[in-house]
Amino acid sequence: MLSVKDSAKEGVKSLKKIFAKEGWDLPDVDLTDKQAAVDYLKKKAEPLHAEWRKENAMHNFNRVFNKSLWTGEPIKFTYADWQPKKQPNEQLARNLGNQSYLLAKEIAEGKPYRVYLAGKPGTGKTSLALAMVDFIRNNSNKTAMFVSTDALAELYAMRFDDKQAQNRLYELNAYMKGDKRLKIEPVDVLILDDFGTEGGMRTDKQSQVRVDMQKGLFAVADARYGNQATIVTTNNTMAELEAMYNEKLLSRLITRNPKRRLVFNGMTDVRASMI
């Protein structure tokens with residue numbers, strides 16, 4: 001049987017093997033002092049733990065974000081892609097980018113804000129919403145999901161005749177508002193993109209959105225209100241949205257706080273200029 005002294009020596013040998021394997025310098029502490037050795041190892045291991053936590057958060061983000069509902073192919077956009085110089089009103093474009101960035105920073109820190117981006121098609125609303133989510137992804141452990149409300153309306157229209165559409169809709173609702181039965185927590189950040197297109201694209205005539213979709217979105221908005229962040233992009237005015245949706249839904253979904261409303265009036269259609 002090893003003596004206490006010999007056991008300590010063997011422990012030091014084992015620690016030295018760990019240091020050699022990890023490429024660490026030998027510590028300037030007495031490794032026979034158990035507490036000193038433990039404290040040193042914790043200090044050396046913390047960067048590894050931090051990296052593991054970051055990788056785990058990224059994996060969790062991707063797992064949820066991959067369940068997003070897109071109208072076409074998934075889109076990626078970062079703040080590095082935002083180019084104010086493409087706009088005639090460069091200062092306005094810079095202000096919108098800065099405003100969205102500050103909101104993204106606060107959401108990453110835990111603020112369950114509702115954010116509203118409104119303006120004509122092609123002016124960058126969806127792009128900045130995605131840039132916000134990209135920032136949040138890289139600076140927090142929060143989850144996010146992108147949902148095209150136009151594609152969501154199609155699922156509602158097909159759900160009684162198409163089992164796959166029904167299942168997809170059930171899954172989306174579970175992630176948007178949470179589902180205790182499935183042990184699914186609501187996503188931390190939800191983008192509802194092109195909100196209002198489901199009520200008709202003509203600016204002179206909007207119709208009421210189907211009742212079941214309104215009820216579904218109300219349940220989502222009600223569950224998230226004050227608890228999780230929701231980002232809404234729309235091509236419509238508030239008057240047009242009020243013609244499509246129940247006011248109780250809009251009051252829970254769309255913020256009236258001017259600091260969290262990004263209005264793209266004065267921005268031009270960048271997509272059209274690229275064709």
Side-chain angles (χ1 to χ4, degrees), residues 68-108 111 113-136 144-153 189-206 209 217 221 229-245 249-251 253-275:
S68 294
L69 180 66
W70 306 85
T71 302
E73 291 296 315
I75 307 168
K76 292 183 179 179
F77 198 90
T78 71
Y79 281 112
D81 300 318
W82 185 244
Q83 299 180 40
K85 290 184 179 181
K86 284 190 175 183
Q87 288 289 340
N89 191 337
E90 183 179 337
Q91 189 56 53
L92 172 61
R94 290 189 185 281
N95 291 344
L96 288 169
N98 290 336
Q99 186 180 1
S100 71
Y101 176 84
L102 293 174
L103 288 170
K105 188 171 182 293
E106 291 191 76
I107 291 172
K111 299 293 175 59
Y113 286 162
R114 293 174 296 157
V115 181
Y116 176 73
L117 299 88
K120 293 180 180 179
T123 52
K125 302 181 299 298
T126 299
S127 296
L128 276 185
L130 288 170
M132 291 177 70
V133 166
D134 178 74
F135 176 88
I136 292 164
M145 178 177 282
F146 180 99
V147 174
S148 161
T149 56
D150 195 30
L152 186 66
V189 185
L190 172 65
I191 297 178
L192 290 176
D193 188 54
D194 274 350
F195 185 67
T197 56
E198 61 279 5
M201 297 186 68
R202 289 176 54 190
T203 57
D204 62 333
K205 183 179 180 180
Q206 281 77 35
V209 173
L217 284 175
T230 304
I231 302 171
V232 175
T233 79
T234 183
N235 301 328
N236 297 93
T237 64
M238 278 304 299
E240 290 167 348
L241 292 177
E242 286 167 358
M244 303 177 207
Y245 278 102
L249 166 60
L250 295 178
S251 69
L253 193 60
I254 296 178
T255 181
R256 300 284 181 171
N257 187 327
K259 294 181 179 179
R260 297 168 204 161
R261 292 172 69 94
L262 284 72
V263 181
F264 287 65
N265 294 343
M267 298 280 280
T268 59
D269 189 340
V270 176
R271 286 185 306 208
S273 65
M274 295 173 63
I275 298 175

Between [atom1] of [X] and [atom2] of [Y], what distance do you get to the nearest 0.5 Å?
| X | Y | atom1 | atom2 | result |
| --- | --- | --- | --- | --- |
| Leu96 | Ser127 | CG | OG | 12.0 Å |
| Leu152 | Thr71 | CG | OG1 | 10.0 Å |
| Ile254 | Glu242 | CD1 | CD | 8.5 Å |
| Asn265 | Asn89 | CG | CG | 11.0 Å |
| Asn235 | Leu241 | CG | CG | 10.0 Å |
| Met132 | Leu102 | CE | CG | 9.5 Å |

Taking the side chain from [X] and the backbone from [Y], do they hold a donor-acceptor pair closer than 3.5 Å?
| X | Y | value |
| --- | --- | --- |
| Thr149 | Asp193 | yes |
| Trp70 | Ala151 | no |
| Gln87 | Lys85 | no |
| Lys125 | Lys120 | yes |
| Asp194 | Thr197 | no |

Check: Quick one: which of Leu262, Thr234, Thr230 gives a side-chain contact (heavy atoms from CB on, under 4.5 Å) with Tyr116?
Finding: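 Answer after filtering Leu262, Thr234, Thr230: Thr234.
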
Tell me, please, which residues at least two apart from [X] pass side-chain contact (heavy atoms from CB on, under 4.5 Å).
| X | answer |
| --- | --- |
| Lys111 | Glu106, Tyr113 |
| Ala144 | Phe61, Phe65, Val133, Val189 |
| Ala129 | Ile191, Ile231, Thr233 |

Minimum heavy-atom separation for [X] and [Y], please, with both atom names.
| X | Y | answer |
| --- | --- | --- |
| Ile107 | Ile136 | CG2-CD1, 3.6 Å |
| Gln99 | Arg261 | NE2-O, 3.3 Å |
| Ala221 | Leu253 | CB-CD1, 4.0 Å |
| Thr237 | Glu240 | N-OE1, 3.0 Å |
| Ala153 | Glu198 | CB-CB, 3.6 Å |

Please examine the side chains of [Y] and [X], heavy atoms only from C-beta on, and report whether any two atoms are closer than 4.5 Å.
| X | Y | value |
| --- | --- | --- |
| Phe77 | Asp134 | no |
| Phe146 | Thr126 | yes |
| Phe195 | Leu250 | yes |

Next item on the list: Assign the ring pair Tyr79 / Phe135 to parallel, tilted or perpendicular, where the plane angle (0 to 90°) is split at 30° and 60°.
Entry: perpendicular

Note to self: Tell me every residue that passes side-chain hydrogen bond (donor to acceptor under 3.5 Å, both in side chains) with Thr78, counting only those two or more places apart in sequence or in another chain.
What the structure shows: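 With sequence neighbours excluded, Thr78 shows a side-chain hydrogen bond (donor to acceptor under 3.5 Å, both in side chains) to Asp81, given in chain and number order.
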
Note to self: Once salt bridge (charged side-chain N to carboxylate O under 4.0 Å, His left out) is applied, do any residues pair with Arg94, and if so which ones, sequence neighbours excluded?
What the structure shows: Glu90

Next item on the list: Just jot down the salt bridge (charged side-chain N to carboxylate O under 4.0 Å, His left out) partners of Lys105, sequence neighbours excluded, or say none.
Entry: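 Only Glu109 meet the salt bridge (charged side-chain N to carboxylate O under 4.0 Å, His left out) criterion with Lys105.
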
